[in-house]
S.K.: 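I am attaching a structure below and will ask some questions about it afterwards.
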There are 2 protein chains.
Amino acid sequence: MPTDANHRRFKDALYEQFARVGKAVSAPKRLELLDLLCQGPRTVEALAEEAALSVANASQHLQVLRAARLVEAEKKGLYVEYRIGDERVCRFFHTLRGLAEGRIAEVEQVTRAYMTERGAMEPVGGGELLRRVRDGEVTVLDVRPAEEYRAGHIPGALSVPVTELKKRVAELPKNREIVAYCRGPYCVMAIEAVKVLRKRGFRAHRMEEGVVDWRARGWRVAQGEEAAS
Amino acid sequence: MPTDANHRRFKDALYEQFARVGKAVSAPKRLELLDLLCQGPRTVEALAEEAALSVANASQHLQVLRAARLVEAEKKGLYVEYRIGDERVCRFFHTLRGLAEGRIAEVEQVTRAYMTERGAMEPVGGGELLRRVRDGEVTVLDVRPAEEYRAGHIPGALSVPVTELKKRVAELPKNREIVAYCRGPYCVMAIEAVKVLRKRGFRAHRMEEGVVDWRARGWRVAQGEEAAS
DNA sequence: CAAGTACTCAACCATATACTTGAATATCCC
DNA sequence: GGGATATTCAAGTATATGGTTGAGTACTTG
C-alpha cells in the first residue's frame with residue numbers, strides 16, 4: 001500500500017483542520033467580533049452595531065467563527081447570545097494581536113496617528129501600575145458598558161461607563177488617585193475618561209491592560225454587580 | 001469634525017493589520033510551511049519538496065508569509081533561505097495548533113485514524129519524560145534530518161536521522177533507555193524510529209515534544225554539530 | 001392567532017485567492 | 001561570456017469569500 005500517499009493525505013487533512021482556525025481569523029471584521037466577545041457575551045444585534053456591520057453580515061461572520069469552534073451560540077428567547085468558546089480563544093487572539101504589534105510596523109503607525117490626533121496621553125501601564133491596582137492602592141474605574149463589567153471585571157473596580165462619567169463624577173473620591181481601564185490598548189474609552197477626570201482636577205491615569213490581560217496573569221476576575229458601598 | 005467616523009476608520013485600519021497575520025495562516029499549505037520553518041531555515045526548493053508543492057507555488061506562499069512579516073528571506077548565493085521571523089512566530093503557530101487540537105474534534109479523529117493505521121505506539125510524553133530527558137537519565141535521539149538538528153536540538157541529543165537509523169543502530173548503547181523525538185506530535189519519524197529500535201531489542205520510547213516545545217519551556221537549545229564522542 | 005422582533009437563509013455580485021504554466025531574472029561555474 | 005540552476009514574475013483559470021438585499025423562520029407579546 002502507498003504509505004507515502006497516505007502520509008500526504010494525513011498531513012493535508014491535518015493542516016486543513018488547523019487552517020479552519022486560521023481562516024476564522026483572516027477577516028478583519030471577524031477579529032473585531034472576536035475582540036468584542038472577549039469582553040463578554042452579546043447578541044447578534046449588539047455585535048453588528050458595535051462592529052458597524054449589517055445584522056445579516058454579522059450573523060454570517062459569527063457562523064464562520066462558530067464553525068471554527070471559536071465561539072458558541074445559545075438561543076435565549078428571542079435573542080441569540082454569542083460567547084467566546086473558552087478562555088484559550090481570547091489568549092489566542094491576544095497572541096495574534098501581540099505578534100502583529102511586534103512585527104508589523106504599520107500597527108504602531110496607525111495607532112500613533114490616531115492617538116496623537118485624539119490627544120491621547122502617555123499610555124501609562126506596565127507592571128508597576130498593575131501591581132498598585134491589584135493591591136488596591138488606587139481607585140480603579142471600569143469605564144466599559146455595564147454588561148461588560150458584569151461579565152467580568154477587575155476585583156474592586158467601580159463600574160462607571162464613560163457615557164455616564166460626567167453625570168456621576170461626584171461619586172468619585174477626590175483625593176485618591178484614579179486608574180481607568182477599558183477593553184485594552186486600542187480602546188479609547190479610558191482615554192476619554194482620563195481626559196474628563198483630569199479636567200475636573202482628579203489625578204487620573206489610564207491603564208492599557210484590560211480584563212483579558214488581567215486574567216492571563218492568573219489573577220482573579222470578579223463577576224456580576226459591584227458590591228454595595 | 002466627525003470623530004465617530006474617524007474612530008471607525010481607525011478600528012478598520014487596525015483590525016485590517018491584525019488580519020494580515022490571520023490571512024497568512026488561513027491556508028493549510030502556509031501552515032505547513034510555517035511548521036517546517038519552525039524546525040529550521042530552508043530553501044524554497046526544500047520547502048516545496050517537503051510540503052508537496054510546485055516551486056512557483058511555494059515561492060508565492062512564502063511571499064505571503066513574508067508580507068505578513070512572519071518569515072524572512074535571505075539570498076545566499078544561488079539559493080534563497082527562508083527562516084522564521086522570530087521565536088514568537090513559532091509560539092503563535094503552536095498556540096493556533098493547540099487551540100485547534102483542543103476545540104476541533106476532527107483534529108483528533110484524523111490523527112487517531114492515521115496513527116492507529118500506522119500502528120503507532122502510545123505517544124509517551126508529558127512532564128515526567130521531559131524531566132528525565134532534561135536530566136540526562138536516558139539516551140536522547142534526534143531523528144530529524146541533520147540540518148534540522150544543526151539548526152537547533154535538545155542538548156545532549158544524538159543526531160541519527162530516521163533514514164540512517166538502521167545502518168547506524170550499532171552506535172547506540174544497548175542497555176540504556178532511549179527516547180526519540182522529531183518535529184512534534186504529528187511527525188511520524190520518531191514513531192518509525194521507535195518501531196525499528198524495539199524490533200532490535202532496545203528499550204525505546206517516543207517523546208511527542210519537539211525543539212519548539214523545549215524552547216517554549218525556557219530550556220536551553222543547542223546548535224551545530226554534536227560534540228565529538 | 002396576529003403582529004412584531006431577532007436572527008438566519010438564499011441568491012447574487014464583485015473581488016480575492018490558490019494553483020498552473022511559461023517566461024524572466026539573478027547567480028554560479030566553466 | 002555562455003550554460004546551468006534557483007527563484008520570482010506574469011498571465012490565466014476555477015473557486016472561495018465578503019458583502020448586499022430580500023425572503024423565511026422562530027420566538028414573544030398582545
Side-chain angles (χ1 to χ4, degrees), chain A residues 8 11-13 15-37 41-68 70-83 147, chain B residues 8-9 11-13 15-34 36-37 41-68 70-83 147:
Chain A
R8 189 27 58 200
K11 275 188 177 171
D12 286 348
Y15 287 108
E16 190 171 321
Q17 293 304 321
F18 296 156
R20 285 170 66 181
V21 175
K23 280 195 222 299
V25 294
S26 68
K29 288 296 186 184
R30 281 200 290 272
L31 285 169
E32 188 168 357
L33 293 172
L34 214 49
D35 198 1
L36 285 167
L37 287 169
R42 264 166 238 257
T43 67
V44 178
E45 221 183 10
L47 288 162
E49 162 76 24
E50 279 230 62
L53 288 169
S54 74
V55 174
N57 196 7
S59 173
Q60 283 173 161
H61 278 306
L62 288 164
Q63 282 171 71
V64 173
L65 287 171
R66 196 163 62 144
L70 298 190
V71 308
E72 288 164 6
E74 186 190 355
K75 184 128 203 188
K76 287 202 166 175
L78 199 46
Y79 295 82
V80 175
E81 189 182 81
Y82 277 85
R83 55 177 66 250
E147 318 91 69
Chain B
R8 189 23 65 198
R9 250 196 299 282
K11 274 188 177 171
D12 285 348
Y15 287 108
E16 190 171 321
Q17 293 304 320
F18 297 157
R20 285 170 67 181
V21 174
K23 281 196 222 296
V25 295
S26 69
K29 287 297 186 185
R30 281 200 290 272
L31 285 170
E32 188 168 357
L33 292 172
L34 215 48
L36 285 167
L37 286 170
R42 265 165 238 259
T43 67
V44 177
E45 221 183 10
L47 288 162
E49 162 75 24
E50 280 230 61
L53 288 169
S54 74
V55 173
N57 197 6
S59 173
Q60 283 173 156
H61 277 307
L62 288 165
Q63 282 171 69
V64 173
L65 288 171
R66 197 163 61 144
L70 299 189
V71 307
E72 288 165 5
E74 188 190 354
K75 185 129 204 189
K76 286 202 168 174
L78 200 47
Y79 297 82
V80 174
E81 190 181 81
Y82 278 85
R83 54 176 67 249
E147 318 90 71

S.K.: 5' to 3' on DNA chain C, which nucleotides open and close the contacts with chain B (atom under 4.0 Å from a heavy atom)?
M.R.: C/dT17 to C/dC28
S.K.: Can a salt bridge be assigned to the pair B/Lys76 and B/Glu81 using a cut-off of 4.0 Å between side-chain N and carboxylate O?
M.R.: yes
S.K.: Taking C-beta and beyond as the side chain, do B/Val25 and B/Leu70 meet within less than 4.5 Å on heavy atoms?
M.R.: yes
S.K.: Partners of A/Ala19 by side chain to side chain contact (heavy atoms under 4.5 Å, CB included), sequence neighbours excluded?
M.R.: B/Pro28, B/Leu31
S.K.: Under the criterion side-chain contact (heavy atoms from CB on, under 4.5 Å), which of B/Leu53, B/Asn57, B/Val44 is the partner of B/Leu62?
M.R.: B/Val44
S.K.: I'd like to know if B/Arg30 and A/Glu16 make a salt bridge, using a cut-off of under 4.0 Å between side-chain N and carboxylate O.
M.R.: no
S.K.: Near DNA chain C, which residues from residues 42-52 of chain B have a heavy atom under 4.0 Å away?
M.R.: none
S.K.: Taking only residues two or more places apart in sequence or in another chain, which ones pass side chain to side chain contact (heavy atoms under 4.5 Å, CB included) with A/Ala13?
M.R.: B/Val110
S.K.: Could you tell me whether the phosphate oxygens of D/dT8, OP1 or OP2, come under 4.0 Å of any side-chain nitrogen or oxygen in B/Tyr79?
M.R.: no
S.K.: Among side-chain atoms of A/Arg20 and A/Gln17, is any donor-acceptor pair under 3.5 angstrom?
M.R.: yes
S.K.: How would you summarise protein contacts on nucleotides 16-30 of chain D per nucleotide, using B for base, S for sugar-phosphate only and - for none, with heavy-atom distances below 4.0 Å?
M.R.: -SSBBB----SBS--
S.K.: Just jot down the side chain to side chain contact (heavy atoms under 4.5 Å, CB included) partners of A/Glu49, sequence neighbours excluded, or say none.
M.R.: none
S.K.: Could you check whether A/Arg42 pairs with A/Glu50 (Lys NZ or Arg NE/NH1/NH2 to Asp/Glu carboxylate O, under 4.0 Å)?
M.R.: yes
S.K.: Between A/Glu32 and B/Arg8, which heavy-atom pair has the shortest distance, and what is it?
M.R.: OE2-NH2, 2.8 Å
